[in-house]
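Computed from a prediction, not measured in an experiment: that's the story for all the values here. Letters A, B, ... mirror the listed sequences (proteins, then strands); counts begin at 1.
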2 protein chains.
Amino acid sequence: MQFAKIQGKRWLLRFDRGQRIHVRDTKGTAWRIVSGSVRLDREEPNGEHSFANLAIRGDVIGAETLLFGKYGFTATALTACVLESWPEGHDSPVSDSLLRTLAKAERRAAEVIALRCGQAADRVRRLVMILAHSAVEQPTHAAAELQVTLPSRQDMADITALTLETVSRMVSQLRHAGVLAPLHHGRRLSQSNFAVRQTLGDTP
Amino acid sequence: MQFAKIQGKRWLLRFDRGQRIHVRDTKGTAWRIVSGSVRLDREEPNGEHSFANLAIRGDVIGAETLLFGKYGFTATALTACVLESWPEGHDSPVSDSLLRTLAKAERRAAEVIALRCGQAADRVRRLVMILAHSAVEQPTHAAAELQVTLPSRQDMADITALTLETVSRMVSQLRHAGVLAPLHHGRRLSQSNFAVRQTLGDTP
DNA sequence: CGATTCCTTGAGCAACCTCAAAAGCGGTGG
DNA sequence: CCACCGCTTTTGAGGTTGCTCAAGGAATCG
């Protein structure tokens, strides 16, 4: 279920984990991600739909609607997330904002492409890192503990091009290695949706 | 070596296979790819540089220079290619061209991401398909034979997240399966740089 | 308390990687 | 023309990582 809020002059939409945000070939507007993370899927030639891209805080999704009037991808919330409509009209030159969006999209694409090579453990660790960076407001360059909501194992598998089982094993391994905090049984948190990261600055 | 031609009012640059087009963090302008294919690389945290994206005919590379004044990626020619400067000044609304470029970049990213999952044989086949589509001028929707210059095995390996050896094996396999033409010994073509595709329309 | 869904863990196997050697191609120079 | 060199590609044999299949645990909801 999605709650629409008007705060100041911005439309804010909230989505829960796993919820569909928009569907390919339907009409709608573009959104900027205020918090949380989103997966984009495309339709394969064979009709299946498969992971196409990842979007996190600051990224714009659905920009193609400004050109074609329809979404080019299906978007689903990987974690609870908040979106605001884009572009914000008040911004001065549209081309500047667009250019910034383009540059960001290319960097994100490079990151996601990189997520799909190397050892399984490393891939999952890198994905967690990206999500962790997206969770923190300002880059506090100190080693800080912060809570990150992980996507479902299936979603993580789709992103890293691994299987659900391998991702699960690697998450366990990261926990054992101290990168992720052990499960909080006492506090009744969802079994594995919450994780605590410890060393944010560097990737050894 | 790069030849600059002025044809009409367009600057056309030509690059050979394997040649560096531009280097990350250096100054320069953006380019649209007129023909051929290009790989973009980014610098890893550890200093290595690794495959970040693929660009083919119609794609724009180096758009971020319009914003930051420097290239965000290093670009190298996968095959002989021709570039023209971008944006072409005469185009009416900049934002329209930019939007089109953004949409294209997102579709390309999705394609490259998809190139990195599934069986090795399929990945290589899909890469060849993409390069073949980029080689043909108009989408002739009939089954047509056309010549495609393949990138080096190492480049294909970097793109598909396989090893050089596996790519070589899969290319041999595709030849045996009739997707790629057998080597032309008679015509003195380079051993494996040229390939002929046969069924362009569909991907069974 | 079922029923459902998601996650975890195990065992065996196959696809792909690693290491290694040989062959093809292009260039240079005798 | 042939020999030689450097580079890329091809092909082979064996090892490992991650996949497949399967069963069991944990949380949520009625």
Atom pairs, protein N/O to nucleotides 9-11 of chain C N/O, distance under 3.5 Å:
unit_1	atom_1	unit_2	atom_2	d
C:dT9	OP2	A:S172	OG	2.8
C:dG10	N7	A:R169	NH1	2.8
C:dG10	O6	A:R169	NH2	3.3

* **Ion pair check, A:R42 and A:E44, cut-off under 4.0 Å** => yes
* Residue pair A:D158 / A:R116: nearest heavy atoms and the distance that separates them -> O-NH2, 2.7 Å
* Considering all heavy atoms of both residues, which atom of A:F68 and which atom of B:A103 are nearest to each other, and what is their separation? -> CE1-CB, 4.0 Å
* For the helix from C:dC1-D:dG30 to C:dG30-D:dC1, how many degrees between its two end axes (five pairs per end), to the nearest 10°? -> 30°
* To do: May I have the distance from B:Q119 (atom CD) to C:dC13 (atom C1'), rounded to whole angstrom?
  => 14 Å
* Between A:T163 and D:dC19, is there a side-chain N or O to OP1/OP2 distance below 4.0 Å? -> yes
* Asked: Taking CD from A:Q173 and C1' from D:dT17, how many angstroms apart are they, rounded to a whole number?
  -> 12 Å
* Structure fact -> Whole-Å distance, A:Q154 CD to C:dT4 P, equals 20 Å
* Asked: Can you check the A:R153 CZ to D:dC19 P distance for me, whole Å?
  -> 15 Å
* A:R123 has an atom CZ; how far is it from atom P of D:dG18, in whole Å? -> 7 Å
* Given A:R108, A:R107, A:R32, the one that forms salt bridge (charged side-chain N to carboxylate O under 4.0 Å, His left out) with A:D59 -> A:R108
* **Residues forming a ring-ring contact (aromatic ring centres under 6.0 Å, His included) with A:F73, sequence neighbours excluded** => none
* **Atom-pair distance (CG on A:L162; C1' on D:dT20), nearest Å** => 14 Å
* **Distance in angstrom units between A:L174 CG and C:dT8 P, rounded** => 11 Å
* In whole angstrom, give the distance that lies between atom CE of B:M170 and atom P of D:dT9. => 16 Å
* Asked: Does the distance from a Lys or Arg side-chain N to an Asp or Glu carboxylate O, for A:D16 and A:R14, drop under 4.0 Å?
  -> yes
* **Non-hydrogen atoms of A:W86 and A:W31 that approach each other most closely** => CB-C, 4.0 Å
* Inspect the contact between A:R39 and A:D41 and indicate whether a charged nitrogen and a carboxylate oxygen are less than 4.0 angstrom apart. => yes
* To do: Using only heavy-atom distances, determine whether the side chains of B:T79 and B:S37 contain a donor-acceptor pair under 3.5 Å.
  => yes
